There are 2 protein chains.
Amino acid sequence: MTTDTPARLLQLLSLLQTPREWPGSELAERLQVSGRTIRRDVDRLRDLGYPVQATMGAEGGYRLVAGKALPPLVLDDEEAVAIAVGLRAGAGHAVEGIEEASVRALAKLEQVLPSRLRHRVKSLQSATSSLVYDRGGDGAVIAPETLTVLASATSGHERLRFSYEAGDGARTRRLTEPYRLVSAGRRWYLIAYDIDRDDWRTFRVDRVSDPFATGARFAPREVPTGDAAEFMRATVWRGAPTFEVDVTFRAPAAEVARRLPPSFGAPEATGADSCRLRATVQDSLEWVAMRLALLGPDFTVHGPSELAEHVARLGSRLTRAAAG
Amino acid sequence: MTTDTPARLLQLLSLLQTPREWPGSELAERLQVSGRTIRRDVDRLRDLGYPVQATMGAEGGYRLVAGKALPPLVLDDEEAVAIAVGLRAGAGHAVEGIEEASVRALAKLEQVLPSRLRHRVKSLQSATSSLVYDRGGDGAVIAPETLTVLASATSGHERLRFSYEAGDGARTRRLTEPYRLVSAGRRWYLIAYDIDRDDWRTFRVDRVSDPFATGARFAPREVPTGDAAEFMRATVWRGAPTFEVDVTFRAPAAEVARRLPPSFGAPEATGADSCRLRATVQDSLEWVAMRLALLGPDFTVHGPSELAEHVARLGSRLTRAAAG
DNA sequence: TCATGTAGGACAGGTCACGACCTAATTGAG
DNA sequence: CTCAATTAGGTCGTGACCTGTCCTACATGA
């Protein structure tokens, strides 16, 4: 094997990431160096901020523990595939507050993922799509590939070409300088400078198709209002419909709270075995209805009436299904 | 900064993982070394099997691309949290075929996750639990912590102590030598040698609570039938109920197939806009009912009758909810 | 008390890493 | 076409650093 120092350190890091204890002698044998060198290497890792814990005495050994800095993760093939699949599944709906980071991590991983693993990810990925994907509840499905391509182009300052379907169904080709990829509410948006239109635009990512980075780099311009979030608010959120959901559950407040997405807020107890939830949501009501149905306990919809309609429709669909 | 070679290589690796092009001069300035040294470092990385692609000419630069080996992933805080949250969410239900790898990756990551990040993961994790968690559909919820503790103890050959709730509700404390953690069907099982009982046992992980590794190492014994999967089949699967699901959908076969978990198999088209699914499942029927409800299109349950009952019950629950 | 592990100092010898300098090849823009 | 910016790689001298071999000290469990 390669016998020089940096390579050995990386290898050592990978060994220590296995959740077990490694006696120095075993490490020495594995890496074909003396025990003294292992001790020195361990010191070096500690200097780098990766705390290697050593338990002394017989049955002792080294292991990597949590420290201040996160060491580079050394993954085997299967683990890498598992992470990629997990992130792709989560990319569409992820947990609020980490959507962007999730996509960044995925882009980072896929950039270096060997192609043999990429195939496995692709074939496994189809499995998860159904339950989780339909993020807006209105068929606005986003392919994970799209998100990662946009994320890479954005952070790499590469021009981006894609075709876009406007609200009226018209498809156009766009050449843009992507500025930011943001997840707002239940949707993804790309803020970019449209070169042909010579102006800033926000694009709904679920309407983007066939995106690819042209490879041409560009120097970032100033975004008009100075900040992406501000710009979003000014251009997209105007008039996004919100609803005042009001529901009573026949279950303890604690249990409902545990099973409810936190964006809904917390229900207030109205008895030992019932609670009431009032929440302002800007999600699609169909999605809210499903969410409530999945919750488990019985519940009653007080409002809005559109939500009651959705619930009723879902209910009758199921009743019809069972009647067959 | 640390100025020695291994540290610099790791730093370089982390820079190159950003999806963008890095001119050598910029890298040189960042790492406080000469351009020549950068070129040598790039060579070193290539020697290690991490292909650094260089585009020549003006506007050129280095970037890390997919190669044969997966380089150690250098993540920032947010990305690490995103991955941890994603894996925890996925740990319960993951995609068939990668459950174990998923848990291994999670254990590896959590082993080295700084505590400040661990807190963020914990607070975010609650968000995802509802929709995805209830894996068996029968309230058999598994905490991700439990899975990672078991995984670590298993691969580290550490003795494991936990309390276990038997089928009849009796709680006992167990001291075991964990042998394997397997995901079968829709459940997790731990195959371990029970020291007090002095025999091999399989434990349902959803019935395990408060597990912790004692730290004591043990030498793995021979598992009786020689193979974990075999042992599983012999002890657990006997008499697991299966159902013959038979459902007609009012939607094209292709669309239904796309949104259905692959374990259900593929529906066969019975018309341009309808298809029929016959599948043998060993899941809980309540779970199947939810799955069907979430699918979107209208459907009709032909059998089994228990499934129709579940669907009907869900339907009437929703109808009642809407009537409020 | 002993075996087995980590911790770390001192030293000698050899290696290798670095910077400085050089030339070649490639690409895009003007 | 020409020029500028970039990667690619050779050579050389100096000095730092890395390694293995000693050694002692200390912690731990049987």
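Worth saying up front: this structure is predicted, and the values here are computed from it rather than measured. Excluded from the calculations below are hydrogen atoms, water molecules and symmetry mates; all remaining heavy atoms, backbone and side chain alike, are included.
Contact detail for A:Leu87 and A:Ser102: the closest heavy-atom pair is CD2-OG, 3.5 Å.
Remark: P of D:dT6 and CG of B:Leu27 are 12 Å apart, rounded to the nearest angstrom. Remark: P of D:dC18 and CG of A:Asp47 are 11 Å apart, rounded to the nearest angstrom. Rounded to whole Å, atom P of D:dA8 lies 10 Å from atom CD of B:Gln53. Going from atom CZ of B:Arg39 over to atom P of C:dC21 covers 14 Å, rounded to whole Å. The distance between atom CH2 of B:Trp22 and atom P of D:dT7, rounded to the nearest whole Å, is 13 Å. If you measure from atom CZ of A:Arg63 to atom C1' of C:dG5, you get 16 Å, rounded to the nearest angstrom. Spacing between atom CG of B:Asp41 and atom C1' of C:dC16 amounts to 13 Å, rounded to whole angstrom units. Rounded to whole Å, the distance from CD on A:Glu26 to C1' on C:dG5 is 13 Å.
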Problem set entry | Pair A:Phe162-A:Thr176, side chain to side chain contact (heavy atoms under 4.5 Å, CB included): steps then yes or no | CA-CA 8 Å; A:Phe162 55 84; A:Thr176 64; 3.6 Å; yes

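Counting only heavy atoms from C-beta on, A:Pro23 has its side chain closest to C:dG5 among D:dG20, C:dG8, C:dG5. Between C:dA20, D:dA8, C:dA7, one nucleotide has an atom nearer to the side chain of B:Arg36 than all others, and that is C:dA20. When the nucleotides D:dT21, C:dA7, C:dG19 are ranked by their closest atom to the side chain of A:Ala54, C:dA7 comes out on top. The side chain of A:Arg44 sits closest to D:dC18 out of C:dA7, D:dC18, C:dG19. The nucleotide whose nearest atom lies closest to any side-chain atom of B:Met56 is, among C:dT26, C:dG19, C:dT6, C:dT26. Looking at the side chain of A:Thr5, the nearest of the listed nucleotides D:dC18, C:dG19, C:dA17 is D:dC18.
Under 3.5 Å, the side chains of B:Glu21 and B:Thr55 contain a donor-acceptor pair of N or O atoms. Between the side chains of A:Arg171 and A:Ser209, a donor-acceptor pair is found at a separation under 3.5 Å.
A donor N or O paired with an acceptor N or O is found under 3.5 Å between the base of C:dG19 and the side-chain atoms of B:Arg40.
For the side chain to side chain contact (heavy atoms under 4.5 Å, CB included) test with A:Arg161, the passing option among A:Asp210, A:Ile195, A:Leu175 is A:Leu175; the others fail.
Residue contacts shown for B:Gly61 are limited to sugar-phosphate atoms, with no base heavy atom under 4.0 Å away.
Of the side-chain N and O atoms in B:Arg46, one or more sit less than 4.0 angstrom from OP1 or OP2 of D:dA8.
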